[in-house]
Amino acid sequence: MEWILPGILIALAIWAVSIYNRLVALRNRFKNAFAQIDVQLKRRYHLIPNLVETAKGYLAHERNTLEAVIAARNGAASATQRAAANPADGAAMAGMMAAEAGLTGAMGRFFALAEAYPDLKANQNMMQLTEELTSTE
């Protein structure tokens with residue numbers, strides 16, 4: 001009978017330690033998952049200026065579209081930095097998702113505009129950058 005109470009305490013301690021270890025592992029998986037997303041988003045943000053520069057010569061009179069893409073990229077990059085600082089902040093994640101939606105919309109308009117210019121569509125740099133950008137989405 002004297003061993004029942006210590007046995008229960010030892011079992012509770014083992015259970016508490018296993019719960020703690022599981023929570024730490026889940027937190028690390030969460031942070032790693034966000035880090036992987038962050039890497040892909042940064043890659044996307046770094047490709048956009050190259051794409052805009054390639055298209056500038058062909059789309060000189062479509063300045064509003066190019067400026068909208070640049071502004072959306074900058075907004076998404078800053079929202080991602082805020083979310084990366086604290087991935088558990090729901091407001092920062094919502095802001096990042098909204099900024100990404102805006103960037104996706106601006107890029108969609110940009111790609112639709114680029115389709116209207118056959119010389120631009122056939123440009124090797126434009127094709128390569130477009131392919132890389134669409135693979136990150």
Side-chain angles (χ1 to χ4, degrees):
M1 286 288 194
E2 294 177 13
W3 56 270
I4 292 177
L5 184 59
I8 291 173
L9 291 176
I10 290 172
L12 284 174
I14 291 172
W15 177 75
V17 168
S18 69
I19 292 292
Y20 176 78
N21 288 341
R22 176 81 172 136
L23 289 173
V24 168
L26 288 172
R27 183 188 65 203
N28 290 340
R29 284 179 53 195
F30 165 74
K31 287 183 177 182
N32 185 34
F34 185 79
Q36 295 298 318
I37 293 169
D38 192 40
V39 165
Q40 291 301 317
L41 291 176
K42 285 180 181 175
R43 181 173 169 254
R44 181 181 184 197
Y45 302 152
H46 290 305
L47 289 172
I48 290 172
N50 297 336
L51 187 65
V52 169
E53 285 300 317
T54 301
K56 270 186 180 177
Y58 293 98
L59 305 175
H61 59 285
E62 303 290 354
R63 182 177 178 158
N64 290 340
T65 302
L66 295 174
E67 288 175 353
V69 168
I70 292 168
R73 178 226 180 238
N74 292 339
S78 65
T80 299
Q81 285 178 343
R82 284 190 300 275
N86 186 8
D89 182 11
M93 293 302 284
M96 183 185 81
M97 290 172 45
E100 280 297 315
L103 178 59
T104 300
M107 290 303 296
R109 289 187 299 277
F110 177 80
F111 287 140
L113 186 64
E115 287 289 321
Y117 292 84
D119 292 339
L120 178 59
K121 201 165 78 171
N123 181 297
Q124 290 296 323
N125 288 340
M126 185 71 175
M127 289 187 328
Q128 180 184 6
L129 290 168
T130 302
E131 190 174 295
E132 288 182 35
L133 266 173
T134 55
S135 70
T136 61
E137 291 180 351

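Here the shortest heavy-atom pairing between V69 and L103 reads O-CD1, 4.2 Å.
Residues passing the salt bridge (Lys or Arg N to Asp or Glu O under 4.0 Å) test with D89: none are found, sequence neighbours excluded. Among residues two or more places apart in sequence or in another chain, the salt bridge (Lys or Arg N to Asp or Glu O under 4.0 Å) test is passed with K42 by D38.
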>> Set out, in order, the CA-CA distance, both residues' side-chain angles and the distance that settles side-chain contact (heavy atoms from CB on, under 4.5 Å) for V52 and R73, then state yes or no.
In response: CA-CA 11 Å; V52 169; R73 178 226 180 238; over 6 Å; no
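One finds the CD1 atom of I37 at 6.0 Å from the CE atom of M93 (value rounded to the nearest 0.5 Å).
Through direct or indirect side-chain contacts shorter than 4.5 Å among Ile, Leu, Val, Met, Phe, Trp and Tyr, L23 is connected to W15, I19.
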Hey, can you pull the donor-acceptor pairs under 3.5 Å for the side chains in residues 74-82, sequence neighbours left out?
from : atom 1 : to  : atom 2 : distance (Å)
N74  : ND2    : I70 : O      : 3.4
S78  : OG     : N74 : O      : 3.3
S78  : OG     : G75 : O      : 3.0
T80  : OG1    : Y45 : OH     : 2.8
T80  : OG1    : A76 : O      : 2.8

For a quick test of your reading: what N or O donor-acceptor pairs under 3.5 Å do the side chains of residues 26-35 make, sequence neighbours left out?
from : atom 1 : to  : atom 2 : distance (Å)
N28  : ND2    : V24 : O      : 3.4

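Note on L9: it does not cluster hydrophobically with V17, by side-chain heavy-atom contacts below 4.5 Å among ILVMFWY residues. Note on W3 and I8: same hydrophobic cluster, where clusters join Ile, Leu, Val, Met, Phe, Trp and Tyr whose side-chain heavy atoms are under 4.5 Å apart, directly or indirectly.
Contact check for M96 versus L41: side-chain heavy atoms found under the 4.5 Å cut-off.
Applying the salt bridge (Lys or Arg N to Asp or Glu O under 4.0 Å) definition to pairs two or more places apart or across chains, those involving residues 95-112 are R44-E100.
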